[in-house]
Amino acid sequence: MSTAYRNRIQEFKVALSEENINLKTLRELCFNGIPFEGGIRALCWKILLNYLPLDQTLWDSFLKKQREVYSQFLKEMIIQPGIAKANLGLSREDVTMEDHPLNPNPDSRWNTYFKDNEILLQIDKDVRRLYPDMAFFQRPTEYPCQLILDPQNDYETLRRRVEQTTLKAQTVNRNRSGVTNVSSPGKSLNLYPSNEYEVLPNGSEAHWEVVERILFIYAKLNPGIAYVQGMNEIVGPIYYTFATDPNSQWKEHAEADTFFCFTNLMSENRDNFIKSLDDSQCGITYKMESVYSMLKDKDLELYFKLVNAHVHVPVVLSELLKHL
């Protein structure tokens with residue numbers, strides 16, 4: 001580690017040691033990159049994403065309250081619906097008279113359950129393959145959510161919902177003797193890597209399962225936008241940074257802290273993910289065209305290089321804007 005880098009780390013430590021953090025000073029320090037050492041990056045992100053208050057004396061009470069709120073979200077949106085689902089259909093009267101899977105009523109518990117499953121399956125598909133070049137998300141977390149994994153809780157977990165909802169296609173062959181063979185093409189043709197859908201034993205959960213839970217709760221709390229592909233790539237780096245914090249007291253609560261930081265970030269960028277707003281002044285298309293025009297004005301050489309290389313600049317810019 002160079003002397004200049006050590007000095008830079010020291011500057012961050014000084015800025016973060018103040019009782020009332022100077023946001024302007026911190027932003028200027030962060031502009032050229034934030035060191036990962038000592039959990040500096042994780043702490044700076046929590047401040048820059050308007051999660052932690054600038055007054056450090058408020059941190060303990062604030063964090064306790066926010067983490068309690070997140071625990072309540074888990075109970076209301078995962079545990080309680082899971083218990084309700086486990087109880088649905090136990091009596092014939094409940095299924096045929098009061099509520100049933102084919103009930104079109106918007107207030108039907110089954111209707112809500114199936115709509116949630118559509119979102120959950122899309123999230124599940126994306127997070128299982130989150131940053132495949134990194135083994136981190138497939139590894140078990142050091143701090144599995146005890147509220148979710150408590151063996152005393154008899155309810156349908158997100159993991160079980162996905163397993164029960166996903167239908168595996170099968171190939172049926174009948175030979176001349178009339179014998180029918182049923183085979184799963186996914187298995188026989190080895191369409192999937194052997195560990196892609198591997199789950200950890202009871203009492204453990206992988207990091208991607210934590211990310212899945214964060215995105216599912218966000219989708220439930222924000223039905224207007226729910227989940228859009230690409231959100232997983234935004235929440236991933238936030239969670240990774242918090243879950244690898246060398247300070248175990250911060251690392252233990254990486255899930256709750258990631259949820260609130262992600263929510264704050266999305267509050268400023270959610271319009272980029274709403275398709276109906278694409279062509280409005282607050283939508284991704286308008287912003288993309290503005291940046292496109294700026295590129296032509298500021299760096300005509302780069303603009304023509306991209307054009308000559310047949311790079312579809314608007315698409316590239318739109319993807320970049322979604323991740324800013």
Side-chain angles (χ1 to χ4, degrees), residues 1-70 127 130-131 133-145 206-208 210-211 213-215 218 230-269 320-324:
M1 186 184 298
S2 66
T3 302
Y5 192 67
R6 289 197 192 95
N7 292 338
R8 182 164 173 74
I9 292 176
Q10 186 59 34
E11 287 181 317
F12 273 94
K13 289 182 177 179
V14 171
L16 294 171
S17 66
E18 296 181 7
E19 186 173 293
N20 283 283
I21 295 173
N22 187 313
L23 187 58
K24 183 176 182 294
T25 300
L26 184 63
R27 282 175 172 167
E28 290 174 352
L29 279 174
C30 294
F31 186 79
N32 292 315
I34 309 173
F36 184 81
E37 288 79 3
I40 293 176
R41 182 178 300 168
L43 186 55
C44 287
W45 281 15
K46 291 182 178 81
I47 297 170
L48 296 177
L49 289 172
N50 298 317
Y51 178 51
L52 287 176
L54 298 179
D55 186 350
Q56 292 202 46
T57 62
L58 303 176
W59 285 7
D60 288 344
S61 59
F62 174 81
L63 289 170
K64 181 181 179 182
K65 178 182 177 182
Q66 293 300 98
R67 290 160 182 173
E68 288 175 351
V69 169
Y70 187 75
V127 298
L130 182 61
Y131 297 108
D133 294 336
M134 297 176 60
F136 169 80
F137 289 98
Q138 302 299 324
R139 292 173 180 163
T141 172
E142 295 178 45
Y143 299 97
C145 182
H207 288 290
W208 67 260
V210 180
V211 175
R213 196 158 53 235
I214 293 170
L215 289 169
Y218 178 83
M231 289 183 180
N232 58 313
E233 296 180 1
I234 295 177
V235 73
I238 300 175
Y239 174 74
Y240 172 81
T241 301
F242 294 174
T244 55
D245 193 315
N247 186 326
S248 60
Q249 292 181 332
W250 286 109
K251 185 192 296 187
E252 182 178 358
H253 300 284
E255 179 177 350
D257 294 345
T258 298
F259 171 80
F260 288 109
C261 285
F262 174 71
T263 299
N264 289 348
L265 181 59
M266 285 301 300
S267 68
E268 299 180 6
N269 294 278
L320 286 173
L321 282 172
K322 285 183 179 180
H323 294 81
L324 289 178

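Computed from a prediction, not measured in an experiment: that's the story for all the values here.
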Legend entry - Atom pair CG/CH2 of Asn232 and Trp208 - distance to nearest 0.5 Å: 12.5 Å
Inset, instruction - Mind checking the CZ-CZ spacing from Phe12 to Arg41? Nearest 0.5 Å is all I need. - result: 9.5 Å
Legend entry - Pairs flagged by side-chain hydrogen bond (donor to acceptor under 3.5 Å, both in side chains) wherever residues 1-17 is involved - sequence neighbours left out: Tyr5-Glu37
Legend entry - Closest non-hydrogen atom pair, Gly236 against Phe137: O-CZ, 3.6 Å
Inset, instruction - Please check if the side chain of Tyr239 supplies one atom and the backbone of Phe259 the other of a donor-acceptor pair under 3.5 Å. - result: no
Legend entry - Residue of the set Val127, Thr258, Ile238 for which side chain to side chain contact (heavy atoms under 4.5 Å, CB included) holds with Val211: Val127
Legend entry - Closest non-hydrogen atom pair, Leu29 against Ala15: CD1-CB, 3.8 Å
Inset, instruction - Kindly confirm or rule out a cation-pi arrangement of Lys46 over Phe242, judged by NZ or CZ under 6.0 Å from the six-membered ring centre and within 45° of its axis? - result: yes
Inset, instruction - Before giving the answer on side chain to side chain contact (heavy atoms under 4.5 Å, CB included), spell out for Leu63 and His253 the whole-Å C-alpha distance, their side-chain angles and the decisive distance to 0.1 Å. - result: CA-CA 9 Å; Leu63 289 170; His253 300 284; over 6 Å; no
Legend entry - Over all atoms of both residues, closest heavy-atom pair of Ile40 and Pro35: CB-O, 3.5 Å
Inset, instruction - Mind checking side chain to side chain contact (heavy atoms under 4.5 Å, CB included) for Thr57 and listing every partner two or more places apart, or none if nothing turns up? - result: Glu19, Asp55
Legend entry - Stepwise side chain to side chain contact (heavy atoms under 4.5 Å, CB included) test for Cys145 and Val210: CA-CA 8 Å; Cys145 182; Val210 180; over 6 Å; no
Legend entry - Arg27 to Leu48 - nearest heavy-atom pair and separation: CG-CD2, 3.8 Å
Inset, instruction - Could you grab the distance from atom CZ of Phe136 to atom NE2 of His207, nearest 0.5 Å is fine? - result: 3.5 Å
Legend entry - Residues which pass side chain to side chain donor-acceptor pair (under 3.5 Å) with Arg67, listed by chain and number, not counting sequence neighbours: Asp257
Legend entry - Phe260 and Leu52, any side-chain heavy atoms less than 4.5 Å apart: no
Inset, instruction - First locate atom CD1 of Ile34, then atom CD1 of Ile9, and finally report the distance between them rounded to the nearest 0.5 Å. - result: 12.5 Å
Inset, instruction - Please assess Cys30 against Trp45 for the test side chain to side chain contact (heavy atoms under 4.5 Å, CB included), listing each intermediate value before the final yes or no. - result: CA-CA 9 Å; Cys30 294; Trp45 281 15; over 6 Å; no
Inset, instruction - Determine yes or no for a side-chain-to-main-chain donor-acceptor pair under 3.5 angstrom, with Asn264 supplying the side chain and Asn50 the backbone. - result: yes
Legend entry - Ile214 backbone acceptor or donor facing Glu255 side chain under 3.5 Å: no
Inset, instruction - Please name the pair of heavy atoms, one in Tyr218 and one in Met266, separated by the smallest distance, quoted to 0.1 Å. - result: OH-CB, 3.3 Å
Legend entry - Interatomic spacing from CG in Leu130 to CD in Gln138 - rounded to 0.5 Å: 8.5 Å
Legend entry - Pairwise distance CG(Asn22) to CG(Leu16) - rounded to 0.5 angstrom: 11.5 Å
